[in-house]
Amino acid sequence: MPVEYSDAAAIEAAEVRATGRTNIVRDGFAAAAQSAAARNARASRMNTRQNMARSSLRSGAKNVPGREWFTRSV
């Protein structure tokens, strides 16, 4: 299951309560969760961009002149 920013915030809050520190530990669970959430957000944006590009290519390909000839000849 992907880690989201809200999950990372909850882990950070738990880590702060458990350690008594006001900042997160550099190599702790909260730092790893924040990193995973950021990676997941980037991956989600990239996936959205790829889907939009595929959709526009599909719709644009329908209007290409000579498309029927090319698909029949291949």
Side-chain angles (χ1 to χ4, degrees):
M1 179 187 310
V3 177
E4 296 183 6
Y5 285 115
S6 59
D7 301 326
I11 293 169
E12 180 180 350
E15 185 176 289
V16 167
R17 281 194 306 272
T19 62
R21 301 175 82 168
T22 57
N23 56 353
I24 62 172
V25 179
R26 184 173 191 200
D27 293 326
F29 290 112
Q34 287 178 349
S35 177
R39 276 194 312 272
N40 290 336
R42 282 193 302 273
S44 177
R45 284 192 304 270
M46 182 59 82
N47 190 18
T48 300
R49 289 182 193 147
Q50 288 173 347
N51 288 341
M52 289 172 55
R54 285 186 192 116
S55 175
S56 63
L57 286 173
R58 284 186 194 121
S59 63
K62 294 176 185 174
N63 300 325
V64 174
R67 177 176 175 260
E68 295 80 20
W69 175 83
F70 181 76
T71 55
R72 281 194 309 257
S73 65
V74 173

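Here the structure is a predicted model, which is why all the values come from computation and not from measurement.
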Under the side chain to side chain donor-acceptor pair (under 3.5 Å) rule, collect the residues that match up with E15, sequence neighbours excluded.
-> none
For S35, side chain to side chain donor-acceptor pair (under 3.5 Å) partners two or more places apart = R39
Which residues, ordered by chain and number, are linked to I11 in its hydrophobic cluster, where ILVMFWY side chains connect at heavy-atom gaps below 4.5 Å, directly or through other members?
-> F29
A37 to A8 - nearest heavy-atom pair and separation = CB-CB, 4.3 Å
Can any side-chain N or O of N40 pair as donor or acceptor with the backbone N or O of V3 at less than 3.5 Å?
-> yes
